[in-house]
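Below is one structure, written out as structure tokens; comments come after it.
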Amino acid sequence: MPVVRLYNTMTRAIDPIEPVEPGHVRIYCCGPTVYDHAHIGNLRKYVCDDVLVRTLRHAGYRVTHVMNVTDVDDKIIKAASGGLEAIRAYTAPYTDAFFQDLATLRIQSPDIVCPATEHIEQMVEMVQRLVERGHAYESDGSYYFRIASFPEYGRLARLDSAGMRAGARVEVDEYSKDDVRDFALWKAHREGEVAWDTPLGHGRPGWHIECSAMAMHYLGESFDIHTGGVDNIFPHHENEIAQAEGATGKPFVKYWVHHEHLLMDSQKMAKSLGNTFKLRDLLTQGIDPVALRYLLASAHNRTQLNFTSEAVEQATHTVKGLHDFMRRLSEARVDEGEPRELAQQAEEARKGFFDAMYNDLQTPQALAALFDLVKNANIALQHKTCVTGDLDVVRDVMRDFDEILDVLDPGEEPVLDEDIERMIQERTEARARRDWAKADEIRQALEGGGVLLEDTADGTRWKRA
RNA sequence: GGCGGCGUAGCCAAGUGGCUAAGGCGGCGGUCUGCAAAACCGCUAUUCACCGGUUCGACUCCGGUCGCCGCCUCCA
């Protein structure tokens with residue numbers, strides 16, 4: 001099994017992955033808060049997770065992929081006052097829309113999807129364990145994590161407690177905490193808010209407890225990879241570590257993977273700037289979701305991806321080019337024969353691609369290897385220097401690449417449109433009579449309907465623009 | 001104010017202390033074509049934000065400047 005290396009925020013180094021259980025990677029990915037539709041910046045994160053999981057599977061690991069759905073938090077409570085039914089009614093459409101978005105972008109579903117509201121019991125148990133071990137205390141019906149009891153606090157984000165105390169933001173304490181740094185594990189019920197009756201009292205879970213509790217519930221007290229956006233490093237992931245390790249005394253996660261943000265026209269995305277585009281907005285503009293997947297996957301996960309309309313257009317062209325190539329590959333007529341030079345080039349490309357992916361998911365270099373193969377195959381096809389055995393290997397390698405990328409299938413099959421076929425036939429006859437005016441007229445008519453014609457040695461074919 | 005990341009061609013985006021600074025998109029010229037499209041061939045950064053320093057040699061290491069992005073406790 002090849003060694004897969006990943007940049008680990010905890011060590012700030014590219015570490016070889018050695019799972020707790022050999023051959024089996026357990027991974028937890030922070031999921032959406034379903035109080036609104038996901039925007040394209042959110043979705044980049046899930047494409048990055050998808051590429052990671054597919055790469056691990058391709059390397060031969062069994063992967064257990066868990067993702068949470070935050071369906072109760074301050075924003076949701078504010079938007080949907082009332083009980084659990086009101087919360088569910090509010091979040092369900094956003095949850096559905098989220099998974100539709102994932103499917104549109106060809107993101108594989110996690111093995112386990114866990115909504116917070118269905119795991120209150122696990123969270124309560126965890127808070128109880130923290131109280132027993134002296135890491136948590138109760139105050140006015142709420143429970144807090146005592147930062148002072150966990151000296152390791154701040155290791156992931158590399159923040160020291162002195163710095164945190166002197167932080168620019170000192171909030172007025174709205175609950176009664178022993179220390180301003182302490183964070184809520186469980187919040188006492190307040191009028192109008194959803195609440196559960198539990199051994200901790202009448203209330204609801206705090207901000208961070210769900211991920212620690214559910215991750216450990218499904219993946220064990222120590223597991224391999226935890227992902228999130230860079231904005232989750234602090235405080236969310238720092239608090240997860242404190243909760244989990246405080247409760248068990250064992251290491252929580254071996255490798256922390258954080259994905260960088262998307263920039264919109266070189267600016268951060270913010271609702272105040274009005275540049276938080278949702279997937280459905282982009283699709284309405286006629287943008288191909290496969291091109292979006294390609295664009296989101298084409299930059300390294302730790303660099304800010306500059307999302308511009310020009311970049312989207314370029315990705316669209318690139319993906320179309322790949323689809324043209326796959327079609328040429330399937331239609332190519334070459335002599336029978338055993339694999340030769342092109343097959344060897346294909347195997348080199350395969351190695352280059354996966355070496356790059358296994359080395360910290362370097363998709364840009366992997367793509368360079370892919371385009372190298374496309375180029376070589378085109379040259380061989382152009383000069384007829386390849387045989388059937390070569391093309392079999394090229395197809396196999398391209399399929400292998402697509403296990404990760406999943407962009408080579410154009411999606412909708414071109415519908416066989418009898419009118420189009422009839423017009424092409426008419427044009428072919430016109431061309432046979434050398435009636436170019438008529439031929440061009442038909443071509444232009446079809447172009448007006450979004451159909452492009454290509455005259456090849458094997459006859460005229462068409463594709464949608 | 002503190003911590004961290006980034007600044008590479010028209011655009012997107014890799015990369016290394018020293019052979020010609022990946023790849024994609026776009027553009028220009030050519031081959032092919034009735035014309036196109038696709039494909040192929042050639043060209044498209046003497047230079048890696050700027051200024052210093054270390055070094056035989058830096059885009060890559062160090063310092064500074066400018067610009068952008070994120071985080072700095074419960075997103076009121």
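The sequence lines fix the lettering, A, B, ..., with proteins before strands; numbering per chain opens at 1.
Remark: A/His317 is in phosphate contact with B/G26, judged by side-chain N or O atoms under 4.0 Å from OP1 or OP2. For B/C41, the OP1/OP2 oxygens have a side-chain nitrogen or oxygen of A/Lys375 closer than 4.0 Å. Side-chain N/O atoms of A/Gln362 include one lying less than 4.0 angstrom from OP1 or OP2 on B/G15.
Among the heavy atoms of the strands, none lies under 4.0 Å from A/Thr456. When heavy atoms are screened at a 4.0 angstrom cut-off, A/His208 is found touching no nucleic acid atom at all. Contact annotation for A/Asn239: no contact, since no heavy-atom pair falls under 4.0 Å across all strands. Note on A/Leu453: a base of the nucleic acid sits closer than 4.0 angstrom, heavy atoms only. Using a 4.0 Å heavy-atom criterion, one finds that A/Arg146 contacts no nucleic acid atom at all. Residue contacts shown for A/Ile379 are limited to sugar-phosphate atoms, with no base heavy atom under 4.0 Å away.
Ring geometry for A/Trp207 against A/His236 counts as tilted: the plane angle lies between 30° and 60°, on a 0 to 90° scale. Taking the six-membered ring for Trp and thresholds of 30 and 60 degrees, A/His258 and A/Trp256 have nearly parallel ring planes, at less than 30 degrees apart. Aromatic ring orientation, A/His226 versus A/Tyr28: tilted (interplanar angle from 30° to 60°).
Rounded to the nearest Å, the gap between the P atom of B/G18 and that of B/A45 is 22 Å. Atom P of B/U65 sits at a distance of 24 Å from the matching atom of B/A9, rounded to the whole Å. Taking atom P in both B/C19 and B/A58, the straight-line distance is 12 Å, to the nearest Å. The C1' atoms of B/A13 and B/G7 are separated by 13 Å, rounded to the nearest whole Å. Separating the C1' atom of B/U8 from that of B/C72 is a span of 31 Å, rounded to the nearest Å. Rounded to the nearest Å, the gap between the C1' atom of B/C62 and that of B/G24 is 35 Å. If you take atom P in B/A37 and the same atom in B/C28, they sit 11 Å apart, rounded to whole Å. Between B/U47 and B/C59, the two C1' atoms lie 8 Å apart (nearest whole Å).
Which of B/G34, B/C72, B/C11 sits closest to the side chain of A/Arg431 comes down to B/G34. Picking from B/G34, B/A22, B/C11 the nucleotide with the shortest atom distance to the side chain of A/Arg427 gives B/G34. In the set B/A13, B/G34, B/C12, the nucleotide with an atom closest to the side chain of A/Arg443 is B/G34. When distances run from any side-chain atom of A/Asn306 to the nucleotides B/A14, B/G24, B/C12, the shortest one goes to B/C12. Checking B/A38, B/C72, B/A14 against the side-chain heavy atoms of A/Ala299 singles out B/A14 as nearest. Taking only side-chain atoms of A/Lys75, from C-beta outward, the nucleotide of B/A14, B/C75, B/G4 with the closest atom is B/C75. Side-chain atoms of A/Asp74 lie closest to B/A76 of the nucleotides B/C40, B/A76, B/C72.
In this structure, A/Trp436 forms an aromatic stack with the base of B/G34, since both conditions hold: centre separation below 5.5 Å and plane angle below 30°.
As rounded to whole Å, 14 Å separates atom C1' of B/C35 from atom CD of A/Glu454. Put simply, NE2 on A/His39 is 19 Å from P on B/C75, counting in whole angstrom units. Between the CG atom of A/Asp440 and the C1' atom of B/A37 there is a distance of 12 Å, given to the nearest Å. B/A37 atom P lies 11 Å from atom NZ of A/Lys463, rounded to whole Å. Per the geometry, CD belonging to A/Gln243 stands 17 Å off P belonging to B/U73, to the nearest Å. Rounded to an integer number of Å, the gap from A/Leu305 CG to B/G7 C1' is 16 Å. Rounded to a whole Å, the CE atom of A/Met264 is 14 Å from the P atom of B/C12. In this structure, A/Arg434 atom CZ and B/U33 atom P are separated by 12 Å, rounded to whole Å.
A salt bridge links A/Asp419 to A/Arg422: at least one charged side-chain nitrogen sits closer than 4.0 Å to a carboxylate oxygen. Contact check on A/Glu403 versus A/Arg54 returns no salt bridge, with no Lys/Arg side-chain nitrogen under 4.0 Å from an Asp/Glu carboxylate oxygen. Ionic pairing of A/Asp406 and A/Arg106 is present here: one or more N-O contacts between side-chain nitrogen and carboxylate oxygen are shorter than 4.0 angstrom. Using a cutoff of 4.0 Å between basic side-chain nitrogens and carboxylate oxygens, A/Lys438 and A/Glu429 are not scored as salt-bridged.
B/U16 is unpaired under the Watson-Crick or G-U wobble criterion, no partner having all donor-acceptor distances under 3.5 Å. Base pairing annotation: B/G4 forms a Watson-Crick or G-U wobble pair with B/C69, both donor-acceptor distances under 3.5 Å. Figure legend. B/C61 is base-paired to B/G53; pairs are counted as Watson-Crick or G-U wobble with both atom distances under 3.5 Å.
Toward the 5' end of RNA chain B, the nearer of the two residues A/Gln365 and A/Ala369, judged by each one's closest nucleotide, is A/Gln365.
The salt bridge (Lys or Arg N to Asp or Glu O under 4.0 Å) search around A/Asp396 returns A/Arg350, not counting sequence neighbours.
If you run ring pair (Phe, Tyr, Trp, His ring centres under 6.0 Å) between A/Phe145 and each of A/Trp186, A/Tyr153, A/Phe183, only A/Phe183 comes through.
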Please report the C-alpha distance between A/Asp49 and A/His259 in whole Å, then the side-chain angles of each, then the deciding distance to 0.1 Å, and finally whether the side-chain hydrogen bond (donor to acceptor under 3.5 Å, both in side chains) criterion is met.
CA-CA 9 Å; A/Asp49 285 339; A/His259 307 300; 2.7 Å; yes

Apply ring-ring contact (aromatic ring centres under 6.0 Å, His included) to the pair A/His58 and A/Phe354, showing each step before the final yes or no.
CA-CA 9 Å; A/His58 192 278; A/Phe354 288 104; 3.9 Å; yes

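Put simply, the side chain of A/Arg328 and the base of B/A38 share no donor and acceptor less than 3.5 Å apart. Under 3.5 Å, the side chain of A/Gln314 and the base of B/G24 form at least one donor-acceptor pair of N or O atoms. Residue-to-nucleotide contacts include no donor-acceptor pair under 3.5 Å from the side chain of A/Asp372 to the base of B/G23.
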Summarise how protein sits on nucleotides 65-70 of chain B as a single string, 5' to 3': B when a protein heavy atom is under 4.0 Å from the base, S for sugar-phosphate-only contact, - for no contact.
---SBS

